[in-house]
Amino acid sequence: MSASIPVICLMGPTGAGKTAASLALAGEFPVTVINADSRQVYRDFPIITARPSPAEEAVCPHRLFGFLPTEETLGAGEYARLARAVVAEEHAEGRLPVLVGGTGLYFRALLDGMAAIPPVPEEVAISWRVRCDAEGPAALHAALAEVDPTTAARLHPNDRQRVCRALEVHEATGKPLSWWHERPVEESPFRALRLCLELPLTELEPRLARRIELMLDAGALDEARAALALCANPKAPGWSGIGCREVYAHLEEGLSLEECKTLWLRNTRAYAKRQLTWFRAAKDLVRLAPDDIAQVRALARSHLQQK
RNA sequence: GCCGGGGUAGCUCAGUUGGUAGAGCAGUGGACUGAAAAUCCACGUGUGGGCGGUUCAAUCCCGUCCCCCGGCA
């Protein structure tokens with residue numbers, strides 16, 4: 001299949017105004033907004049994950065938002081599989097897929113493809129994590145060096161998450177992770193315009209602070225209480241989102257609301273900074289100021305004219 | 001007012017039997033191939049509350065003053 005489906009991507013750090021930009025596009029094109037954010041997939045935290053509001057969602061179709069229970073996790077490969085299908089469907093319906101989100105890895109997985117590694121059984125993954133807790137990451141890194149020296153050389157011994165992943169893949173597939181990575185990835189069927197809405201951290205920070213107040217006004221605490229009734233395990237993936245865990249600490253562990261807000265802002269800010277680092281290194285991005293809606297529209301228009 | 005405990009990095013604190021000090025968090029930069037709002041890496045000069053004194057040498061000992069926290073009045 002040739003790279004023929006045109007899509008528009010709105011990426012950028014949290015709080016930069018991606019949602020607003022997506023709705024601005026919906027005023028001009030038959031847009032379907034497709035989520036590319038690893039937190040907005042969660043069902044029980046619409047406010048805290050800054051999902052588009054019901055009024056915003058009513059502007060045009062929105063997909064891949066708010067479907068995942070708190071106990072579950074959506075890996076990048078699974079995301080790419082889902083999103084690919086949704087993009088194809090929407091395009092077939094004559095709509096313009098607009099991917100909106102802040103998860104750089106999701107965009108990469110979807111747009112640039114990932115190695116065709118089969119899913120790793122959960123028992124295998126868990127057993128390595130248990131072993132990592134027991135023996136420490138250095139021991140596992142040494143074990144990895146035996147079976148996959150290429151990957152071991154690339155990974156820092158303290159990076160337990162990636163070391164475990166490499167070991168899991170090796171055990172589950174019988175091939176080293178590096179073997180999978182060396183194989184060519186499937187070509188993307190999409191012709192993507194990658195727009196990155198960016199603001200310097202110093203300008204982003206007050207917006208993030210304001211957004212936390214708005215979330216609280218909108219009922220963030222009640223939202224968390226309701227989520228707690230459905231899933232009381234603070235270690236569940238959905239609870240690890242920024243805001244979720246701070247509010248949990250306030251509700252369940254005696255953290256004052258002031259402390260909660262301070263931490264929430266600090267962690268959000270640190271996250272935005274990591275996102276900026278990611279997008280700074282990304283190739284083929286057009287960087288824009290978030291309020292430059294006219295430019296977003298103009299670039300979208302010319303992207304759609306190219307055949 | 002008295003008795004204790006404290007004043008060390010932006011924050012919380014450690015340590016130095018006297019040789020001018022280091023962790024966590026924060027911050028800055030970076031990485032990132034199925035947990036990614038995750039995970040990880042690098043970066044540490046601060047009038048050691050002020051002023052005196054003892055000493056070759058004081059953040060550490062002594063005196064004094066200031067401030068905070070408990071308790072007693």
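Proteins come first, then strands; the chains are lettered A, B, ... in the order of their sequence lines, and each starts at number 1. Please read all numbers here as calculations on a predicted model, not as lab measurements. Both backbone and side-chain heavy atoms feed into the values below; hydrogens, waters and symmetry mates do not.
A donor-acceptor pair shorter than 3.5 Å can be found between the side chains of A:Ser240 and A:Arg39. Between the side chains of A:Thr14 and A:Arg211, at least one donor N or O sits under 3.5 Å from an acceptor N or O.
Look at the C1' atom in both B:U45 and B:U59: the space between them is 14 Å, to the nearest Å. Comparing B:C72 with B:C13, their C1' atoms are spaced 29 Å from each other, to the whole Å. Across the C1' atoms, B:G29 and B:U16 are found 33 Å apart, a figure rounded to whole Å. Spacing between B:G70 and B:U12 at atom P, rounded to whole Å, works out to 16 Å. B:G49 and B:U8: their P atoms are spaced 6 Å apart (whole Å).
No side-chain heavy atom of A:Asp37 sits under 4.5 Å from any side-chain heavy atom of A:Thr49.
Using a 4.0 Å heavy-atom criterion, one finds that A:Arg280 contacts the sugar-phosphate atoms exclusively. Note on A:Ser240: only backbone sugar-phosphate atoms sit closer than 4.0 angstrom, heavy atoms only; bases stay farther off. Heavy atoms of A:Arg165 sit under 4.0 angstrom from at least one base atom. Using a 4.0 Å heavy-atom cutoff across all strands shown, A:Asp112 reaches no nucleic acid atom at all. Nucleic acid contact class of A:Tyr106 (heavy atoms, under 4.0 Å, all strands): sugar-phosphate only. Across all strands, A:His181 comes closer than 4.0 Å to base atoms (heavy-atom distances). Among the protein residues, A:Leu155 comes within range of no part of the nucleic acid, since none of its heavy atoms lies under 4.0 Å from any strand.
Scored by the salt bridge (charged side-chain N to carboxylate O under 4.0 Å, His left out) test, A:Asp112 finds A:Arg194 as partners (sequence neighbours excluded). Scanning for ring-ring contact (aromatic ring centres under 6.0 Å, His included) contacts around A:His170 gives an empty result, with sequence neighbours left out.
We find that A:Arg51 and A:Glu56 are not joined by a salt bridge, their nearest charged nitrogen and carboxylate oxygen being 4.0 Å or further apart. Ion pair A:Glu213/A:Arg210 not flagged as a salt bridge, since none of the NZ, NE, NH1 or NH2 atoms sits closer than 4.0 Å to an Asp/Glu carboxylate oxygen.
In the set B:A36, B:G30, B:U28, the nucleotide with an atom closest to the side chain of A:Leu201 is B:U28. Residue A:Thr277 places its side chain closer to B:C32 than to any other of B:C32, B:A35, B:G34. Distances were taken from every side-chain heavy atom of A:Trp278 (C-beta onward) to each of B:A36, B:C40, B:C25; the shortest belongs to B:A36. Out of B:A31, B:G34, B:G27, the shortest distance to the side chain of A:Arg269 is found at B:G27. Nearest to the side-chain atoms of A:Arg274 among the listed nucleotides B:U39, B:A26, B:G34 stands B:U39.
Stem analysis of RNA chain B (Watson-Crick or G-U pairs, both distances under 3.5 Å, runs of at least three) returns B:1-7 with B:66-72, B:10-13 with B:22-25, B:27-31 with B:39-43, B:49-53 with B:61-65.
Distances shorter than 4.0 Å separate some side-chain N or O of A:Thr73 from OP1 or OP2 on B:A36. Distances shown here put a side-chain N or O of A:Arg162 below 4.0 Å from the OP1 or OP2 atom of B:U33. Contact annotation: A:Arg245 reaches the phosphate of B:A38 (side-chain N/O to OP1 or OP2, under 4.0 Å). Put simply, A:Arg266 has no side-chain N or O that comes within less than 4.0 Å of OP1 or OP2 on B:A26. Of the side-chain N and O atoms in A:Asn158, one or more sit less than 4.0 angstrom from OP1 or OP2 of B:C41.
Nearest heavy atom pair, residue A:Phe279 against residue A:Glu198, reads CB-OE2, 4.0 Å.
Separating the NE2 atom of A:His141 from the C1' atom of B:U39 is a distance of 14 Å, rounded to the nearest angstrom. Rounded to whole Å, the distance from CZ on A:Arg154 to P on B:C40 is 16 Å. Summarising the geometry, the separation between CG on A:Leu82 and P on B:G34 is reported as 17 Å, rounded to the nearest angstrom.
Glycosidic conformation, B:G34: syn, with the torsion inside 90° of 0.
Between A:Arg160 and A:Ile48, it is A:Ile48 whose nearest contact on RNA chain B lies nearer the 5' terminus.
Evaluation of atom-type donor-acceptor distances gives a pair under 3.5 Å for the side chain of A:Lys273 against the base of B:G29.
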TODO: Check the pair A:Met11 / A:Gln275 against side chain to side chain contact (heavy atoms under 4.5 Å, CB included), numbers first and verdict last.
DONE: CA-CA 10 Å; A:Met11 7 188 141; A:Gln275 287 176 301; over 6 Å; no
